[in-house]
Protein chains: 2
Amino acid sequence: MLPNNAPSRTDLAATQLIDFIRRKNLRPGQRLPNEQELTTLLNVSRSTLREAVRQLVARNILVVRQGSGTYVSDQKGIPEDPLGLTFIEKGPKLASDLVDLRLMIEPAIASSAAQRITPSQKAKLTELCNNLIQKLDSEESYVEADALFHCYIAECSGNSVLQNLMPTITTSVHVFIQESADHFRDRSSQEHRCILEAICRNDPLGAQYAMINHLSVVRDYFARQEYMLKLVWNNR
Amino acid sequence: MLPNNAPSRTDLAATQLIDFIRRKNLRPGQRLPNEQELTTLLNVSRSTLREAVRQLVARNILVVRQGSGTYVSDQKGIPEDPLGLTFIEKGPKLASDLVDLRLMIEPAIASSAAQRITPSQKAKLTELCNNLIQKLDSEESYVEADALFHCYIAECSGNSVLQNLMPTITTSVHVFIQESADHFRDRSSQEHRCILEAICRNDPLGAQYAMINHLSVVRDYFARQEYMLKLVWNNR
């Protein structure tokens with residue numbers, strides 16, 4: 001028989017582990033007690049504990065470093081495919097749907113960041129922007145550096161939910177934007193510089209419009225692609 | 001030793017299963033071939049297949065009905081805690097952060113739904129709204145009915161990403177809104193009726209403002225709670 005959906009001993013042990021991390025206020029990167037201590041603390045068998053750890057690794061809550069131990073994951077339990085895009089057909093429609101979501105939230109995030117950013121956050125955001133621009137100018141892949149810049153703005157916004165949502169959106173975007181990234185390379189340095197400067201001079205409206213300006217170029221590209229595909233399809 | 005993070009036989013079998021579902025274009029609710037056929041198709045052992053199925057059940061991609069078989073899940077692979085809120089402290093700050101996210105996306109979703117809604121979708125949305133209002137009037141819990149109404153608007157918007165994101169947001173909201181729900185009961189019928197009518201008369205701006213009006217009441221409630229807590233804290 002294949003497994004059923006009732007909560008198993010493993011599920012219960014996983015819940016106990018989460019409670020333990022919360023109670024002890026363990027932060028990302030901190031190590032859990034070793035296997036023997038945990039089996040005693042949670043009063044479970046070794047095999048149940050291992051299954052539970054495996055489950056929490058799959059949920060990005062824990063990470064196991066071979067020969068070193070089990071740690072709280074830096075990914076804060078954010079799943080691989082939080083938006084359930086596994087089964088949505090890839091193409092310009094998905095791309096423009098994702099950009100539409102970004103246009104709904106990122107201008108507001110930039111505005112909020114401009115109101116709350118601290119001096120040390122300004123320094124870090126500037127560094128991330130410089131790093132991105134260097135990648136843009138040197139023809140290297142800038143996708144990762146771009147994600148770090150946009151996610152850090154969400155962190156500066158002070159909104160705990162958006163901080164977690166942004167990495168999931170940038171990850172999803174990268175699934176398919178890789179190929180088209182070179183199309184945006186030329187204008188991108190200037191656009192990112194504008195966003196950075198507006199946030200750092202504590203100008204919420206300026207930051208909001210700089211973000212709209214940046215993302216609407218991307219939106220335009222995919223919306224035109226989608227439109228062209230429809231034209232081709234209708235003329236067959 | 002605790003498990004490591006390298007892709008195992010189980011992970012590979014799970015990927016094969018996902019490819020199989022995609023290739024055959026199996027929809028939510030459709031049944032997979034039985035265990036014996038699957039082990040042959042994927043060329044894996046029975047125990048590896050079972051582990052892989054267990055993993056995809058945990059990822060809400062498959063569901064096992066005891067004595068009936070394995071099916072594609074209605075949850076479309078959307079995870080339990082997509083926003084990684086397991087480790088964010090519950091309270092008015094999290095509540096108002098979530099409402100801020102809703103205020104960023106739901107007015108735009110309502111506007112888009114008003115432009116694209118079909119006659120049969122209008123009928124269904126009206127039914128969901130009537131059901132919600134009936135719950136509001138009869139002092140029953142309306143949290144579920146409220147979620148269905150808001151999620152269906154996202155479906156009418158035609159944006160595939162928002163369709164998947166909305167259920168994750170309403171689920172998250174319900175974790176803590178349950179207690180405060182009665183506070184919003186009185187005005188809620190009228191507010192939802194306004195949203196419904198604007199969408200059904202294909203009035204994008206009207207739908208947008210009706211949604212802002214509805215959500216800003218919720219925002220105001222939590223923002224005031226957060227502010228009061230700060231005052232109490234500072235006066236101790």
Side-chain angles (χ1 to χ4, degrees), chain A residues 1-5 18 21-22 28 35 49-51 53-55 57-61 63-67 69-70 72 75-89 93-94 96-98 100-101 103-105 107-109 112 158-165 167-169 172, chain B residues 1-6 18 21-22 28 35 49-50 53-55 57-61 63-67 69-70 72 75-89 93-94 96-98 100-101 103-105 107-109 112 158-165 167-169 172:
Chain A
M1 286 304 302
L2 291 171
N4 71 19
N5 301 312
I18 290 177
I21 295 168
R22 272 218 204 91
E35 200 173 40
L49 176 67
R50 283 177 188 186
E51 271 293 332
V53 168
R54 213 173 271 131
Q55 190 188 107
V57 167
R59 287 172 60 192
N60 289 342
I61 289 173
V63 65
V64 174
R65 301 208 188 102
Q66 218 48 269
T70 304
V72 179
Q75 288 170 277
K76 303 177 196 168
I78 301 172
E80 296 299 332
D81 180 26
L83 302 177
L85 303 183
T86 304
F87 293 107
I88 301 182
E89 201 191 335
K93 166 85 168 91
L94 175 58
S96 81
D97 283 353
L98 258 168
D100 278 345
L101 169 59
L103 268 164
M104 290 175 196
I105 64 172
I109 289 172
S112 179
N159 183 311
S160 56
V161 178
L162 292 169
Q163 267 169 45
N164 283 10
L165 181 60
T168 72
I169 293 174
S172 306
Chain B
M1 285 304 304
L2 292 170
N4 70 19
N5 300 310
I18 291 177
I21 296 167
R22 272 220 205 89
E35 201 174 37
L49 176 67
R50 284 177 188 185
V53 168
R54 212 172 275 134
Q55 188 189 110
V57 167
R59 287 172 59 192
N60 288 342
I61 289 173
V63 65
V64 174
R65 303 212 185 98
Q66 217 51 269
T70 304
V72 178
Q75 288 169 275
K76 304 179 195 168
I78 299 172
E80 296 300 331
D81 179 25
L83 301 178
L85 302 184
T86 304
F87 292 107
I88 300 183
E89 201 191 336
K93 166 84 169 93
L94 175 58
S96 80
D97 283 354
L98 258 167
D100 278 345
L101 169 59
L103 268 164
M104 289 176 197
I105 66 173
I109 290 172
S112 179
N159 183 312
S160 55
V161 178
L162 292 169
Q163 266 168 46
N164 283 9
L165 180 61
T168 73
I169 292 175
S172 306

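As the structure is a prediction and not an experimental result, all values here were calculated from the model. Just so we're on the same page: letters track the sequence lines, and every chain starts at 1.
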field: Minimum heavy-atom distance between B:Lys93 and A:Asn159, given as atom pair plus value
entry: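 Minimum heavy-atom separation between B:Lys93 and A:Asn159: NZ-CA, 4.2 Å.
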Working to the nearest 0.5 Å, report the span between [atom1] of [X] and [atom2] of [Y].
X        : Y        : atom1 : atom2 : value
B:Ile105 : A:Asp100 : CD1   : CG    : 12.0 Å
B:Ile169 : A:Leu165 : CD1   : CG    : 7.0 Å
A:Asp97  : B:Gln163 : CG    : CD    : 8.5 Å
B:Arg54  : A:Glu51  : CZ    : CD    : 6.5 Å

- prompt: Which region of A:Gln55, side chain (C-beta onward) or backbone (N, CA, C, O), has a non-hydrogen atom less than 4.5 Å from a non-hydrogen atom of chain B, or is it both or neither?
  reply: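 For A:Gln55, neither part sits under 4.5 Å from chain B.
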